[in-house]
Amino acid sequence: MESIKIGILGMGNIGTGLYKILQINDKKIKNYANKKIEVKKVLVKNFEKQRDVDIPKELLTLDVDEIIYDPEIKIIVELIGGINPAYDYLKRSIENGKHVVTANKAVIATFGKELDDLAVKHGVQIKFEGSVGGGIPIINTLTESLSANEIEEIVGIINGTTNYILTQMSEFGMEFETALKEAQIKGFAEADPISDLEGEDAVFKLAILSAVAFNKRVYPDEISREGIKKISQKDIKYASELGYKIKLLATAKKYGNNLELNVHPALIPNKHPLASVNNEFNALFIRGNAVGEVMLYGKGAGSMPTGSAVLGDVLSIIKAIEADGIKNSNNNITSKLVVNNIGQSKYYVRLEVVDEPGVLGKIAINFGKYGVSLESVVQRARGEKTVPLVFITHETDREKLDKALEEISSFSVVDKIASILKVEE
């Protein structure tokens, strides 16, 4: 049987998963591709490192040029992560006529256009299914299965680390720091988890989804983001009392010619399918003008799920080579949508106020003064010097809410504005 040779850049968590799948599903892969996939070289940092997979030492190299400039290698799989040197390796691989597959969300979100243009110029493919949602086939679903739809809205949980932490806080009453430590112990959070906690990881993924779903190239710094570090047990508790759960959401909503993009912690109703997505699992809720509502669900990270997505891209390229059907579906991005966060939303607001008569009425009147109407109020813990006062507003502009809260914060009876979160219905 004819073989096709690939090179792998990086043998960490995802690289290990990819190599294992190639071994355990060898027969299935041969039958599908009508070719044997042969790993010719693997770029590593350390020859002697113990790995959870048996790789012949002669396949390992410390020199990336042995892979990029090898004429026998047709497909290069980049699994290093980060922007540098990954972007340089991908760029040089394409310039040397290699098809490339990557799970690198940072590179695709930041340099997707440059790499795609380069791939078209050199007649090769670039694929990146594993960059969003791990093993969930999000990219292919949007580009293939839902290609006949105008996508109107995407709301998703696309970061497993933050979802695991919020699940522990919600289900087991853990404080944020305790939940984070447990996530690190179990391998769901990095030693330095800042990219996850501050929403950067989800922003990279949402930028990629914007290009795929809305035909709109968006750079990460154009997307509004807020992480979960300020979420407390008080917020979890009051959200629960009001019938909601708190999740870190990535949202993309089309309003006419405007596209609203956000990564933010938000309250979602307990009855919504996303509310039941727990621990390290991811899910994407999609609304198309023809198909209606669709939800994709599965493990958003991990060596085997993401390795599966990467291998799927490799197989797709092999099939395209065989059919002489090389194309890059993301190249002709011509959308005139403007990134503009103009949409209205409901909001959860938690204040710490002095516990004395008339405070609630004074604050409610001030909200009304700025056109912010209230849907519900929760007040607890009477007898203490300050008490939490929680509001859910009706849909309103954030500008109106901010003006109302600016005046409210100046009241002598208001100790602080402790939390402001969107409510996604």
| said: On a heavy-atom basis, which atom in Ala179 and which in Met169 lie closest, and how many Å separate them? | reply: CB-CG, 4.1 Å
| said: Set out, in order, the CA-CA distance, both residues' side-chain angles and the distance that settles side-chain contact (heavy atoms from CB on, under 4.5 Å) for Val294 and Thr141, then state yes or no. | reply: CA-CA 10 Å; Val294 173; Thr141 298; 5.6 Å; no
| query | Would one find more than 12 heavy atoms of other residues, nucleotides or ligands at under 6.0 Å from atom CD of Gln233? | reply | yes
| field | Sidechain-backbone polar pair: Asn149 side chain, Ala290 backbone, donor-acceptor under 3.5 Å | value | yes
| query | Heavy-atom count around Lys35 NZ within 6.0 Å, excluding the residue itself: above 12? | reply | yes
| Donor-acceptor contact below 3.5 Å, side chain Lys5 vs main chain Val39 | no
| said: Surrounding CD of Glu399 (heavy atoms of other residues, nucleotides or ligands, distance under 6.0 Å), is the total greater than 12? | reply: no
| task | Decide if the gap between the ring center of Tyr348 and the ring center of Phe391 is smaller than 6.0 angstrom. | result | no
| task | Would you check, one step at a time, whether the test side-chain contact (heavy atoms from CB on, under 4.5 Å) holds for Ile151 with Arg287? | result | CA-CA 6 Å; Ile151 303 301; Arg287 183 159 51 85; over 6 Å; no
| message | Counting neighbours of NZ on Lys20 that are heavy atoms of other residues, nucleotides or ligands and sit closer than 6.0 Å, is the number greater than 12? | response | yes
| message | How long is the straight-line distance from CG of Asn13 back to CG of Leu18, given to the nearest 0.5 Å? | response | 11.5 Å
| note | On a heavy-atom basis, the closest approach of Ala213 and Ile154 is CB-CD1, 3.5 Å
| message | More than 12 heavy atoms of other residues, nucleotides or ligands under 6.0 Å from CG of Asn257: yes or no? | response | no
| Do the charged groups of Asp235 and Lys230 touch, with an N to O distance under 4.0 Å? | no
| said: Between Lys346 and Glu424 (salt bridge meaning N to carboxylate O under 4.0 Å), is one present in this structure? | reply: no
| query | Does Lys234 come within less than 4.0 Å of Glu352, counting only side-chain N to carboxylate O? | reply | yes
| task | Would you give the length of the straight line joining atom CG of Asp63 to atom NZ of Lys41, rounded to the nearest 0.5 angstrom? | result | 9.5 Å
| message | Is the shortest side-chain heavy-atom distance between Leu142 and Phe214 below 4.5 Å? | response | no
| task | Find out whether Glu152 and Ile286 are in side-chain contact, i.e. whether some heavy atom of one side chain is under 4.5 Å from a heavy atom of the other. | result | no
| Between Ile4 and Ile321, is a side-chain contact (heavy atoms from CB on, under 4.5 Å) present by the stated rule, with each step listed? | CA-CA 11 Å; Ile4 187 160; Ile321 292 171; 4.1 Å; yes
| So with a 6.0 Å cut-off around CD of Glu150, is the heavy-atom count from everything else above 12? | no
| Is Ile165 close to Gln184 at the side-chain level, that is, under 4.5 Å between some pair of heavy atoms? | no
| field | Where Ser316 and Lys127 come nearest, the two heavy atoms and their spacing | value | OG-CE, 3.2 Å
| Got a donor-acceptor contact below 3.5 angstrom from the Ser210 side chain to the Ala207 backbone? | no
| said: I'd like to know if the side chain of Lys299 and the backbone of Gly134 have a donor-acceptor N/O pair within less than 3.5 Å. | reply: no
| request: Spell out, as yes or no, whether a donor-acceptor pair under 3.5 Å connects the side chain of Ser3 to the backbone of Lys36. | output: no
| message | Between His99 (side chain only) and Val124 (backbone N and O only), is there a donor and an acceptor less than 3.5 Å apart? | response | no
| field | Pair Leu421-Ile231, side-chain contact (heavy atoms from CB on, under 4.5 Å): steps then yes or no | value | CA-CA 9 Å; Leu421 300 172; Ile231 303 298; 3.8 Å; yes
| Salt bridge flag under 4.0 Å for residues Glu260 and Lys422 | yes
| task | Inspect the surroundings of CD in Glu190 and state if more than 12 heavy atoms from other residues, nucleotides or ligands are less than 6.0 Å away. | result | no
| message | Check whether Asn104 reaches the backbone of Val107 with its side chain - one donor and one acceptor, N or O, closer than 3.5 Å. | response | yes
| query | What are the two closest non-hydrogen atoms of Tyr87 and Leu115, and how far apart are they? | reply | CE1-CD2, 3.7 Å
| said: Quick check on side-chain contact (heavy atoms from CB on, under 4.5 Å): which of Ile228, Val155, Thr167, Leu274 does Lys247 satisfy it with? | reply: Thr167
| remark: Here the gap from Ile68 atom CD1 to Tyr89 atom OH, rounded to the nearest 0.5 Å, amounts to 7.0 Å
| Side-chain heavy atoms of Leu360 within contact of Leu389, under 4.5 Å | yes
| query | Taking all atoms of both residues into account, what is the closest heavy-atom pair of Ala33 and Leu315, and its distance? | reply | CB-CD2, 3.8 Å
| query | For the side chain of Glu129 and the backbone of Asn140, is there at least one donor-acceptor N/O pair under 3.5 Å apart? | reply | yes
| Does any N or O in the side chain of Thr306 come within less than 3.5 Å of the main-chain N or O of Ser303, such that one atom is a donor and the other an acceptor? | no
| His272: what forms a ring-ring contact (aromatic ring centres under 6.0 Å, His included) with it, not counting sequence neighbours? | Phe285
| said: Would you say that Arg92 contacts Tyr69 through its side chain, given a criterion of any heavy-atom pair below 4.5 Å between the two side chains? | reply: yes
| field | Whether Thr61 side chain and Val42 backbone form a donor-acceptor pair below 3.5 Å | value | no
| said: Under 4.0 Å between a side-chain nitrogen and a carboxylate oxygen: does that hold for Glu95 and Lys121? | reply: no
| message | Applying salt bridge (Lys or Arg N to Asp or Glu O under 4.0 Å) as the test, list every pair that has at least one member in residues 70-85; sequence neighbours left out. | response | Lys40-Asp70, Lys40-Glu72
| said: I'd like to know if Lys186 pairs up with Glu182 as an ion pair, taking the criterion as any Lys NZ or Arg NE/NH1/NH2 lying under 4.0 Å from an Asp or Glu carboxylate oxygen. | reply: yes
